[in-house]
Each structure stands twice: as structure tokens, then as C-alpha cells.
Amino acid sequence: MRFTSHAVTKLDYARYLVACLAYLARKQRDRVGLITFDDDVVDFVPPSAKHLPILLHTLDRADRAREGAGKGALAPPLRKRARPAIVAA
């Protein structure tokens, strides 16, 4: 799945989407966090009102590790009130 539309890859679209959702959620004073994973958890930014710059930096460093990854463990347990959004690229 290395689909590209001109110079923008699916991974770039996913990054843009996640960054926009995080920004909008933060503007509503919601806590935002990020989990990137392949077969295991790669990066984890805990939900916080102050972690948006860290989240955006982690999102920028995210890279597609291997084709077909992501079928293993999803993430640490989420809180009851969490609203996860899963974006696959």
C-alpha cells in the first residue's frame, strides 16, 4: 500500500489527519495522546492537555516500519472515557 497522489503518500495523509484531529481536540480543551505501533508499541504519548508539541514531534518521526505490520498487540489499556481513533496508512 504505497499509494501516492503526486508527492503525498498515504502515511502523510494519515499524519495530516491525526495532527488536525489532535489540534481540534486540544482547542476544545480535551486531552490528546498518541500511540504508534507495528507489531508492538513503538511510541506512546500519554493523554495530556500539555503534550501537543510532543505529540506532533512524535507524529513527524513516525515511519512505516514494514509492510503488513500492525496485526499484533494494539496498545496499553485505555481509560473508560477515552475515544480512540485508529488511522492506518
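Since we're looking at a predicted model, the values are computed, not measured. Counting begins at 1 with the first residue of the sequence. Quick note: numbers below take in every heavy atom, side chains included, and nothing from hydrogens, waters or symmetry partners.
- With sequence neighbours left out, L17 forms a side-chain contact (heavy atoms from CB on, under 4.5 Å) with L21, V87.
- In this structure, R15 CZ and D12 CG are separated by 5.5 Å, a value rounded to the nearest 0.5 Å.
- Open room surrounds CZ on R29; 12 or fewer heavy atoms of other groups in view lie less than 6.0 Å from it.
- For A22 against L55, the heavy-atom pair with the smallest separation is CB-CD2, 3.8 Å.
- In this structure, S48 OG and R26 CZ are separated by 8.0 Å, a value rounded to the nearest 0.5 Å.
- At a threshold of 4.5 Å between side-chain heavy atoms, the hydrophobic network of Ile, Leu, Val, Met, Phe, Trp and Tyr places V18 and I54 in one connected group.
- Of the possible donor and acceptor atoms, one in the side chain of T36 sits under 3.5 Å from a partner among the backbone N and O of D43.
- Interatomic distance, I35 CD1 to T58 OG1, rounded to the nearest 0.5 Å: 12.0 Å.
- Every residue was checked against the side-chain contact (heavy atoms from CB on, under 4.5 Å) condition with L24, not counting sequence neighbours, and none meets it.
- Separation of atoms NE2 (H51) and NE2 (H57) is listed at 13.5 Å; rounding is to 0.5 Å.
- Taking CG of L59 as the reference point, atom OH of Y16 lies at 10.5 Å (rounded to 0.5 Å).
- For L56, the side-chain contact (heavy atoms from CB on, under 4.5 Å) partners are A19, L52, not counting sequence neighbours.
- Of all heavy-atom pairs spanning V41 and F44, the tightest one is CG1-CB, 4.3 Å.
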